[in-house]
Amino acid sequence: MATRENLRNIAIIAHVDHGKTTLVDQLLRQSGVFRANEQVAERVMDSNDLERERGITILAKNTAIMVGDTKINIVDTPGHADFGGEVERILLMVDGVLLLVDAFEGCMPQTRFVLKKALGLGKKPLVVINKIDRDGARPNEVIDQLLDLFIELDATEEQLDFPVVYASARDGYASLDPTVREGDMKPLTDAILQYIPAPEGDPDGPLQILFSNIDYDDYVGRIGVGRVERGTVKNGQAVLLCREDGTNTPVRIGKLYQFEGLRRVECEAATLGDLIAVSGIADLNIGETACAPDHPEPLPFVHIDEPTISMLFMVNNSPFAGREGKYVTSRNLRDRLFKEVETNVSMRVKETETTDAFEVSGRGELHLSVLIETMRREGYEFAVSNPRVIYQTAPDGSLLEPMELLMIEVPETYVGAVMEKLGSRKAEIVNMGTRDTGVSHLEFRIPARGLMGYRQQFLTDTNGNGIMNSVFDGYEAYRGDIPQRTQGSLVCFETGETTSYGLFNAQDRGELFVGPGLAVYEGMIVGQSPKNEDISVNVCKKKHVTNMRAAGSDEALRLTPPTVLSLEQSLEFINDDELVEVTPKSIRLRKRILSHEQRMKEAARLKKA
């Protein structure tokens, strides 16, 4: 067994918004990756448009820095629980993890989730307490919390003896002393070299490369990203690809790349422990192993947790179908969804009884809404149903449902309203405390069903002052019925264009989602009714014009500004008999059955049944 002392492989793991990507920014800046006069965007690792807009990391990405003669490969991972599949598979590529924790917020749901996976795989943790310059920072309390969490997750004695570095990623300094407020990142890079183990193995043995990620390049096609677990690989080398189904395929490595800063750089060879990118293998999949032709020894791949919610993606059949989208057929939709599954390991796609609809399962509403948003930006037009949880059956035949661990930070004034709403959604309180700042910290176990549609309610109840985070926490016995949306919809009565006069008469019936001059069709949802039943409204109604005039009756109509729902809010809003129509230009809500007459007949039939 040999050890490569000039190499370290680490993943940065943390809860969402604790500063992972900002920390990587500083490490890249201070290691001299950028020229002195180079203009660099903030959070340079968040490279796609959606990541920049939402301020979150969605895809795991590789980078590398040099510290003296030692190369440090860094993998920046997503912090949101819905993208946990990205974190799970990336942990196989590294020997240690940088666990980043906010000095004010402390341990959050995703901290627990990613740490549990890392400890289970035997990875060595290095704890970074970030944002120590933040008002209300409590680094010593957070370390005590972390110690309790490590013990709870059955950490080994070696893992319990974790080193701690204090940092402010935004201001670019790290220290072993929590009171220091200046300097650079050198104490952190020194700690990485000291505590993170170097790769071990046999550099002269038969080749083994485990692929944990797939990238795509317009010029060279599919690119596999993985780690050399044993031996040495060269450009153009013939290898045997051991597939997940047990078959072996002889292939040839086209080009070999390693990571330097933000670039993939071509190289002639790579050896034990190197993180590499490989082109030339057309049908490569995540979890497959490239071996020496005379030693086909596939490596086991990490078990990815199963999806917890699903929704139907279907061909758009509204009266406006095909007007705004480039890809509108069932074949377009099918090809795109199955292509997504190749790289998105925690997503599943199943064909249904009809050729026009596909069941897509993922980790959470955000996981699926990011796919929907990506597809509409690519020119796809389709419709989606509301999200539903995926149940499981226990060995004794009873029904099990997914549970979430929910953490809420909210000013004391709003605690009553939050607990009342969550109580009706079958939530159980697990923990409760008050911070020094007077903010209440609440922990609940709640069925995943209970969280659907709650986020908007939560923001209303707390006047936007609350923070909520949740993470999947196993399956438990079915908790019984949970009341869903109690309000009905305002449904458009006819196809046409909305008028100020029609909207003015309709706004007394409920809250409108559309403004004047918008094309609408029969069965489209144009607002929310305060009653628990749907109301048909004629928003295209025109004023009957005569040549008679009367003082006061012809004043300008005062319209209440409409509430424009985002994609996530639309998915939360719709009921079982409703759909969201998604096109590159519009997001519309509609009834599954567009005809008012047909809906009435269907309702009567269901009543009889």
SB check [X] [Y] (cutoff 4.0 Å):
X      : Y      : value
Arg336 : Glu378 : yes
Asp102 : Lys131 : yes
Asp144 : Arg138 : no

Quiz item: Where do Leu188 and Met185 land on the side-chain contact (heavy atoms from CB on, under 4.5 Å) test, with the steps shown first?
Solution: CA-CA 5 Å; Leu188 176 57; Met185 284 293 180; 4.1 Å; yes
State, to 0.1 Å, how close [X] and [Y] come at their nearest heavy-atom pair, and which atoms those are.
X      : Y      : result
Ser168 : Ile132 : N-CG1, 4.5 Å
Asn130 : Ala169 : OD1-N, 2.9 Å
Leu299 : Thr289 : N-OG1, 3.1 Å
Gly273 : Asn9   : O-ND2, 2.7 Å
Asp135 : Phe104 : O-CD1, 3.9 Å
Ser586 : Arg376 : N-NH2, 3.9 Å

Heavy-atom check, side chain of [X] versus side chain of [Y], under 4.5 Å:
X      : Y      : value
Lys326 : Tyr380 : no
Leu7   : Ile72  : no
Tyr173 : Asp184 : no
Leu27  : Asp25  : no
Thr232 : Leu207 : no
Val349 : Glu340 : no
Leu284 : Phe211 : yes
Leu193 : Val67  : yes

Practice problem: Not counting sequence neighbours, which residues clear salt bridge (Lys or Arg N to Asp or Glu O under 4.0 Å) with Arg8? List them please. | Solution: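 In terms of salt bridge (Lys or Arg N to Asp or Glu O under 4.0 Å), with neighbours along the sequence ignored, Arg8 is linked to Glu5.
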To the nearest 0.5 Å, tell me how far [X] [atom1] sits from [Y] [atom2].
X      : Y      : atom1 : atom2 : answer
Cys267 : Lys255 : SG    : NZ    : 12.0 Å
Glu141 : Ile129 : CD    : CD1   : 11.5 Å
Glu152 : Gln145 : CD    : CD    : 11.5 Å
Leu28  : Ile65  : CG    : CD1   : 7.0 Å
Ile408 : Glu443 : CD1   : CD    : 10.5 Å
Glu229 : Leu210 : CD    : CG    : 5.5 Å

Self-check item: Residue pair Thr374, Val370: steps toward the side-chain contact (heavy atoms from CB on, under 4.5 Å) verdict
Solution: CA-CA 6 Å; Thr374 306; Val370 163; 4.1 Å; yes
Give a yes or no answer on whether the side chain of [X] reaches the backbone of [Y] with a donor-acceptor pair at less than 3.5 Å.
X      : Y      : value
Arg4   : Pro199 : no
Lys123 : Val94  : yes
Gln237 : Lys234 : yes
Asn6   : Thr70  : no
Asn465 : Thr462 : yes
Arg227 : Leu275 : no

Counting only heavy atoms not in [X], do more than 12 fall under 6.0 Å of its [atom1]?
X      : atom1 : answer
Lys124 : NZ    : yes
Tyr414 : OH    : yes
Tyr195 : OH    : no
Asn463 : CG    : yes

Quiz prompt | side-chain contact (heavy atoms from CB on, under 4.5 Å) between Arg363 and Ile309, intermediate numbers included | solution = CA-CA 6 Å; Arg363 282 282 183 86; Ile309 72 161; over 6 Å; no
Practice problem: Evaluate the salt bridge (charged side-chain N to carboxylate O under 4.0 Å, His left out) criterion for residues Asp274 and Lys71: first the C-alpha distance (whole Å), next the side-chain angles of each, then the deciding distance (0.1 Å), finally the verdict. | Solution: CA-CA 10 Å; Asp274 281 327; Lys71 182 179 186 179; 5.4 Å; no
Practice problem: Write out all pairs satisfying salt bridge (Lys or Arg N to Asp or Glu O under 4.0 Å) with one or both partners inside residues 157-183, taking only residues at least two apart or from two chains. | Solution: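 Residue pairs with at least one partner in residues 157-183: Asp133-Arg170.
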Exercise. Kindly indicate, with the supporting measurements, whether the criterion side-chain contact (heavy atoms from CB on, under 4.5 Å) is fulfilled by Val410 and Ile467.
Key: CA-CA 6 Å; Val410 70; Ile467 299 169; over 6 Å; no
Quiz item: With distance as the sole criterion, is a donor-acceptor pair present between the side chains of Glu365 and His367 under 3.5 Å?
Solution: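 Glu365 vs His367: no donor-acceptor pair found between side chains.
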Exercise. Examine the side chains of Ser369 and Glu568 and answer whether a donor and an acceptor come within less than 3.5 Å of each other.
Key: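 There is such a pair (donor and acceptor under 3.5 Å, judged by atom type) between the side chains of Ser369 and Glu568.
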